[in-house]
There are 2 protein chains.
Amino acid sequence: MPQASPNAAGRLPDASPWDGIAERLRASGLRWTPQRRTLVDVLREHEGHVTATELIARCRERDQTTTPSTVYRTLDVLEDFGLVKHGHGPGGREEYHVLPDQVHGHLHCMACGATWEIRPETGAAIVDALAADLGFAVDLSHVTISGRCRVCRD
Amino acid sequence: MPQASPNAAGRLPDASPWDGIAERLRASGLRWTPQRRTLVDVLREHEGHVTATELIARCRERDQTTTPSTVYRTLDVLEDFGLVKHGHGPGGREEYHVLPDQVHGHLHCMACGATWEIRPETGAAIVDALAADLGFAVDLSHVTISGRCRVCRD
DNA sequence: CATGCTAGTGCAAGTGATTGCAATAGCGAA
DNA sequence: TTCGCTATTGCAATCACTTGCACTAGCATG
Ligand SMILES: [Mn+2]
Ligand SMILES: [Mn+2]
Ligand SMILES: [Zn+2]
Ligand SMILES: [Zn+2]
């Protein structure tokens, strides 16, 4: 019998957005496969921003037979479920944000390569400015703005 | 002898930013080649936004032997001279803006695929918001924001 | 537990873009 | 005009994705 945990009596410990992902997929007529499990395992321990290439590499560490096309397709599915969001770095390469708490855009420093999230208020300012101007409805989650961060702008 | 033109006596007609490009390249130790002339000829009659792929196709119409790598490299050179600027569409693909009158970002409608320039004031609002927030210096010319235009947002 | 429908996988081919390298060809200088 | 230095070119290889297709394998159902 396992030792009693501080999280007593079988109650949910700390719920993760990944919990029940298998069931949620099946509920939509989709399937829970070993390949998807591998990717979700990788994502589960990787909050923040990652490139698709990095994710493929991490999957391959766990399963040597990992195929890029399968990973890309699974990322698309997970994006439909809101578990990841992708944007594009300054080179146009895909960057995934795991578990986006809320819709937000990204900043990328061309000098040091670092990435930040645009804060909600600042994002709202951008959305408002473009709505007022051209009536354009910004998809903030896909916005990556490049430039130079406070440290790198000389 | 050619008939007299309305632009009398050999004075400059309507100056183009492309005028003297050959000399400007040479002045920087660079060279004026047939391949570059082909691309400049294509760009000369193509104000606005184009994808690199379209440019390659247009060059090939004029010179069947056009090579992609040469076009991409020449576009880089022309970008250094400020004659084109590139950004990235929502799929991360390169889009070139020919003869940008001023630094500006772009909007891309995910529904109809159209592209617009962000107006100076609106661009300034974005730059200011991010400067105030994180001290980030936005490279507006590389910004492409996707979303839905007035017509497509239902 | 066995069966069938069909979502998902792997592969190969294709597109867009970048890069190293050897051969070519501008162009400034003689 | 000729010459030589070296910027450019073309090519092949490589990377980041994407897509069509035939085969595999989840999983709902009985
Ligand atoms: Mn870019
Ligand atoms: Mn995208
Ligand atoms: Zn930086
Ligand atoms: Zn539209």
Side-chain angles (χ1 to χ4, degrees), chain A residues 20-40 49-60 62-81 84-96 108 110 113 142 144, chain B residues 20-40 49-60 62-81 84-96 108 142 144:
Chain A
I21 176 63
E23 290 69 27
R24 271 179 285 158
L25 286 173
R26 282 192 278 257
S28 300
L30 305 180
R31 293 171 189 176
W32 184 239
T33 67
Q35 295 84 346
R36 289 180 175 177
R37 185 166 149 37
T38 300
L39 178 56
V40 167
H49 304 94
V50 222
T51 65
T53 304
E54 280 167 33
L55 290 173
I56 292 169
R58 301 227 175 210
C59 283
R60 232 189 278 270
R62 293 168 175 259
D63 174 5
Q64 237 287 302
T65 71
T66 299
T67 296
S69 54
T70 297
V71 175
Y72 283 112
R73 283 188 282 229
T74 300
L75 284 168
D76 286 345
V77 171
L78 296 178
E79 189 154 12
D80 288 340
F81 278 76
V84 301
K85 286 281 184 197
H86 87 275
H88 297 270
R93 298 280 148 78
E94 289 189 339
E95 281 178 3
Y96 282 86
H108 187 109
M110 302 165 82
H142 199 267
T144 299
Chain B
I21 176 64
E23 290 68 27
R24 271 178 285 158
L25 287 173
R26 282 193 278 257
S28 300
L30 305 180
R31 292 171 188 175
W32 183 240
T33 66
Q35 294 85 346
R36 288 181 176 175
R37 183 163 150 41
T38 301
L39 178 56
V40 167
H49 303 93
V50 223
T51 64
T53 304
E54 279 168 34
L55 290 172
I56 292 168
R58 300 228 175 209
C59 284
R60 232 190 277 270
R62 294 170 175 258
D63 174 4
Q64 238 285 302
T65 71
T66 299
T67 295
S69 54
T70 297
V71 174
Y72 283 112
R73 282 187 282 226
T74 300
L75 285 168
D76 287 346
V77 170
L78 297 178
E79 190 155 10
D80 288 341
F81 278 75
V84 301
K85 285 282 184 195
H86 87 274
H88 298 270
R93 299 280 150 76
E94 287 189 340
E95 281 179 2
Y96 282 85
H108 186 109
H142 199 267
T144 298

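Within every chain, numbering begins at 1; the chains are lettered A, B, ... in the order of the sequence lines, protein sequences first and strands thereafter. Not measured: the values here are computed from a predicted model. The basis for the numbers below is simple: all heavy atoms, side chains too, and nothing from hydrogens, waters or symmetry mates.
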Enquirer: Could you check whether the rings of B/Y96 and B/H86 sit parallel, tilted or perpendicular, using 30° and 60° as the cut-offs?
Expert: tilted
Enquirer: At the 4.0 Å heavy-atom cut-off to chain B, mark where contacts on DNA chain C begin and end, going 5' to 3'.
Expert: C/dG16 to C/dG28
Enquirer: Report the residues that fulfil salt bridge (Lys or Arg N to Asp or Glu O under 4.0 Å) with B/R93, sequence neighbours left out, ordered by chain and then residue number.
Expert: none
Enquirer: Checking B/R24 now: which residues fulfil side chain to side chain donor-acceptor pair (under 3.5 Å) with it, not counting sequence neighbours?
Expert: none
Enquirer: Without swapping roles, check the side chain of B/T144 against the backbone of B/H88 for a donor-acceptor pair under 3.5 Å.
Expert: yes
Enquirer: Hey, are the side chains of B/K85 and B/H142 touching, using non-hydrogen atoms and a 4.5 Å cut-off?
Expert: no
Enquirer: Rounded to the nearest Å, what distance is computed from the NE2 atom of residue A/H88 to the C1' atom of nucleotide D/dC17?
Expert: 11 Å
Enquirer: Tell me every residue that passes side chain to side chain donor-acceptor pair (under 3.5 Å) with B/R60, counting only those two or more places apart in sequence or in another chain.
Expert: none
Enquirer: The criterion is side chain to side chain contact (heavy atoms under 4.5 Å, CB included); which residues satisfy it with A/T53, sequence neighbours excluded?
Expert: A/T51
Enquirer: Which ones in residues 24-37 of chain A lie close to DNA chain D, meaning a heavy atom under 4.0 Å from one of its atoms?
Expert: A/R26, A/R31, A/W32
Enquirer: What's touching nucleotides 21-24 of chain D from the protein side, N or O pairs under 3.5 Å?
Expert:
none

Enquirer: Got a list of side-chain donor-acceptor pairs under 3.5 Å for residues 29-39 of chain B, not counting sequence neighbours?
Expert:
| from | atom 1 | to | atom 2 | distance (Å) |
| --- | --- | --- | --- | --- |
| B/T33 | OG1 | B/Q35 | OE1 | 3.4 |
| B/T33 | OG1 | B/R36 | N | 3.2 |
| B/R36 | NH1 | B/R31 | O | 3.0 |
| B/R37 | NH1 | B/D41 | OD1 | 3.1 |
| B/R37 | NH1 | B/D41 | OD2 | 2.9 |
| B/T38 | OG1 | B/P34 | O | 2.9 |

Enquirer: Going by the salt bridge (charged side-chain N to carboxylate O under 4.0 Å, His left out) test, which pairs reach into residues 68-81 of chain B, not counting sequence neighbours?
Expert: none
Enquirer: Does any residue of residues 62-70 of chain A have a heavy atom under 4.0 Å from DNA chain D, and if so, which ones, in number order?
Expert: A/S69
Enquirer: Using atom CD of A/E95 as one end and atom P of D/dA16 as the other, report the distance to the nearest whole Å.
Expert: 13 Å
Enquirer: Can you tell me the distance, in whole Å, between the OH atom of B/Y72 and the P atom of D/dT9?
Expert: 15 Å
Enquirer: Taking side chain to side chain donor-acceptor pair (under 3.5 Å) as the definition, give me every residue that meets it alongside A/T65, ordered by chain and number, with sequence neighbours left out.
Expert: A/D63
Enquirer: Quick check for you: to the nearest 0.5 Å, what is the distance between A/E54 atom CD and A/R58 atom CZ?
Expert: 7.0 Å
Enquirer: Could you check how far CD of A/E54 sits from P of D/dC15, rounded to whole Å?
Expert: 16 Å
Enquirer: Quick one: A/H86 NE2 to D/dC17 P, roughly how many Å, whole number?
Expert: 9 Å
Enquirer: Which is it for A/T70 and A/T66 under the side chain to side chain contact (heavy atoms under 4.5 Å, CB included) test, yes or no, and what are the steps along the way?
Expert: CA-CA 8 Å; A/T70 297; A/T66 299; over 6 Å; no
Enquirer: For A/Y96 and D/dA16, what is the distance between atoms OH and P respectively, to the nearest whole Å?
Expert: 14 Å
